[in-house]
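For reference, the structure is listed below as C-alpha cells.
Note that the coordinates shown come from a computational prediction; the quantities given were computed from them, not determined experimentally.
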Amino acid sequence: MMRLRRAEEERAVLDSLDSKVAAALDHLTENAHSFIRMPEKAIEADTDPIASAHESPIPSEEPHSIIPTEPAIPAAQSATTKLVKSIAVLSLEEYEALPKYLLNRMSLDKVNASISEFNKLVAAKYTCLKTPHMKMTKQQRDRFWEHKKASNDGTKGKAFLMEREIKENWWGGGSGGEGFAARRDKNATGPFKLDTVGRAVLALVRHLGRIKEVRGGGDTRIVIV
C-alpha cells in the first residue's frame, strides 16, 4: 500500500511538471518575436532594398590583380616611322673637313644648291606616288608600278630615286617636265642632273653616310639613309 501511494504521489508531481513545461513552451512560442532582436542592417536591407543596392560596396581585403602592360614601342622601332625624304645640306664644318679631291672645286653654296634640287625631285616623286590611282594618268600609274618593282630589302622603309628616273626626267623640273617638282628658287642651279657636278655631289653625301647605292635588276637606286 505504501509503495502504491508513493507511486501515485510521484506521478502527480510528474504530471504537474509536464503541465508547467507545456505552458512555458506555449508562452515562448507565442512571444518569441519579443525575445529575438534582428540586426539593424539586416532590417534596413529588408525594408529598403533599393537603398542597400546603391550603397558603396565593401572593399575587398584581397590585393588587386595586376594587369601587365606591354612596353611602349620606341619611336625608332615603330612601324609608323616617318619616311625621310630629303638629304640634309652640309654645314661649313662638314664642308671644310671633306677631302679636297671630293670637293672638285665646288663651293659650299653650289653643293647645297645641288642637294636641294635633288630633294625637290624626291619630294615630287613621293607627292605623285601618294596621288589616288583613279586620279593618276596612265604614265603616272606606269611609273608607280616601276617604283614598286624597284623596291627591295635595300630600300625598305627608305625614300629613293632610280638613276633612270633622274636621267629620263620622270618627275619634272626641266624641259618637258610634268610639273610635279617644286618650284626652284631664283638662285638655284637648275634641276638636278647626273652630270659631272651631280655625281660629284652624290659622292660627297655618300661619303658622309647620307645616301647609299643599291644595285640590282638593272637599276641603281640612290637611297636616302
Side-chain angles (χ1 to χ4, degrees), residues 75-78 80-131 139-140 143-144 146-225:
Q77 298 178 5
S78 172
T80 58
T81 302
K82 188 176 180 180
L83 192 69
V84 178
K85 296 193 282 280
S86 63
I87 302 170
V89 296
L90 274 63
S91 66
L92 178 61
E93 292 77 10
E94 288 175 319
Y95 175 80
E96 291 178 344
L98 285 169
K100 297 300 181 183
Y101 73 89
L102 285 175
L103 291 175
N104 197 23
R105 298 183 180 179
M106 293 184 296
S107 67
L108 175 60
D109 290 340
K110 188 172 185 178
V111 171
N112 284 340
S114 187
I115 291 173
S116 295
E117 291 302 319
F118 181 91
N119 288 339
K120 289 174 183 177
L121 287 181
V122 178
K125 172 181 177 175
Y126 282 87
T127 298
C128 180
L129 294 180
K130 289 193 299 183
T131 304
Q139 186 180 58
Q140 291 164 7
R143 290 176 177 178
F144 174 87
E146 287 294 320
H147 166 78
K148 289 293 185 182
K149 284 168 57 179
S151 302
N152 57 24
D153 290 341
T155 64
K156 187 175 181 180
K158 308 288 185 183
F160 69 93
L161 284 177
M162 294 179 286
E163 284 193 354
R164 60 190 172 106
E165 292 178 87
I166 302 172
K167 291 176 181 178
E168 298 171 13
N169 194 30
W170 280 20
W171 311 110
S175 59
E178 296 175 352
F180 283 101
R183 293 183 179 180
R184 294 182 299 279
D185 297 332
K186 293 180 180 179
N187 297 325
T189 58
F192 185 88
K193 296 179 181 179
L194 286 175
D195 53 13
T196 303
V197 174
R199 292 191 180 278
V201 170
L202 292 180
L204 286 175
V205 292
R206 185 169 61 248
H207 175 79
L208 294 170
R210 293 177 185 172
I211 65 167
K212 66 178 180 179
E213 287 188 357
V214 177
R215 300 176 185 272
D219 280 312
T220 300
R221 303 155 188 83
I222 304 166
V223 184
I224 299 175
V225 296

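When side chains are defined from C-beta on, Asn104 does not count as touching Leu204, because their heavy atoms never get closer than 4.5 Å. At a threshold of 4.5 Å between non-hydrogen side-chain atoms, the residues Leu208 and Leu98 count as touching. Using a 4.5 Å heavy-atom threshold, the side chains of Ile166 and Phe118 count as touching. Between Val122 and Phe192, every side-chain heavy-atom pair lies at or beyond the 4.5 Å cut-off. Thr131 has its side chain out of reach of Phe144: every pair of non-hydrogen atoms, C-beta onward, lies at least 4.5 Å apart. Taking 4.5 Å as the limit, some side-chain heavy atom of Arg210 sits within range of a side-chain heavy atom of Leu90. Between Ile115 and Val111, some side-chain heavy-atom pair lies under the 4.5 Å cut-off. Leu103 is listed as a side-chain neighbour of Tyr95, based on a closest heavy-atom distance under 4.5 Å.
A distance of 6.5 Å separates CG of Leu108 from CG of Leu92, quoted to the nearest 0.5 Å. To the nearest 0.5 Å, atoms CD1 (Ile87) and CD1 (Ile222) are separated by 8.0 Å. Rounded to the nearest 0.5 angstrom, Ser86 OG and Leu121 CG are separated by 13.0 Å. Taking CG of Leu83 as the start and CD1 of Ile224 as the end, the distance is 8.0 Å to the nearest 0.5 Å. Between the NE2 atom of His147 and the OG1 atom of Thr155 there is a distance of 7.0 Å, given to the nearest 0.5 Å. In this structure, OG1 in Thr220 is found 4.0 Å from CZ in Arg215, a value given to the nearest 0.5 Å.
Taking a 6.0 Å sphere around CG of Asp153, one finds it holds 12 or fewer heavy atoms contributed by other residues, nucleotides or ligands.
Heavy atoms only, all atoms of each residue included: Leu102 and His207 are closest at CD1-CG, 3.6 Å. Residues Val89 and Ser116 come closest through the heavy atom pair CG1-OG, 4.2 Å. Closest approach of Met162 and Glu146 over heavy atoms only: CE-O, 4.2 Å. Between Arg143 and Asn169, the closest heavy-atom pair is NH1-O, 4.5 Å. Pairing each heavy atom of Trp171 with each of Leu129, the nearest pair is CH2-CD2, 4.5 Å. Nearest heavy atom pair, residue Val214 against residue Val223, reads CG2-CG2, 3.7 Å.
A distance-only check finds a donor-acceptor pair linking the side chain of Thr127 to the backbone of Ala123 [under 3.5 Å]. Of the possible polar contacts, none joining the Asp219 side chain to the Arg221 backbone as a donor-acceptor pair under 3.5 Å is found.
Cation-pi geometry between Lys212 and Phe160 is not met at under 6.0 angstrom from the ring centre and within 45 degrees of the axis.
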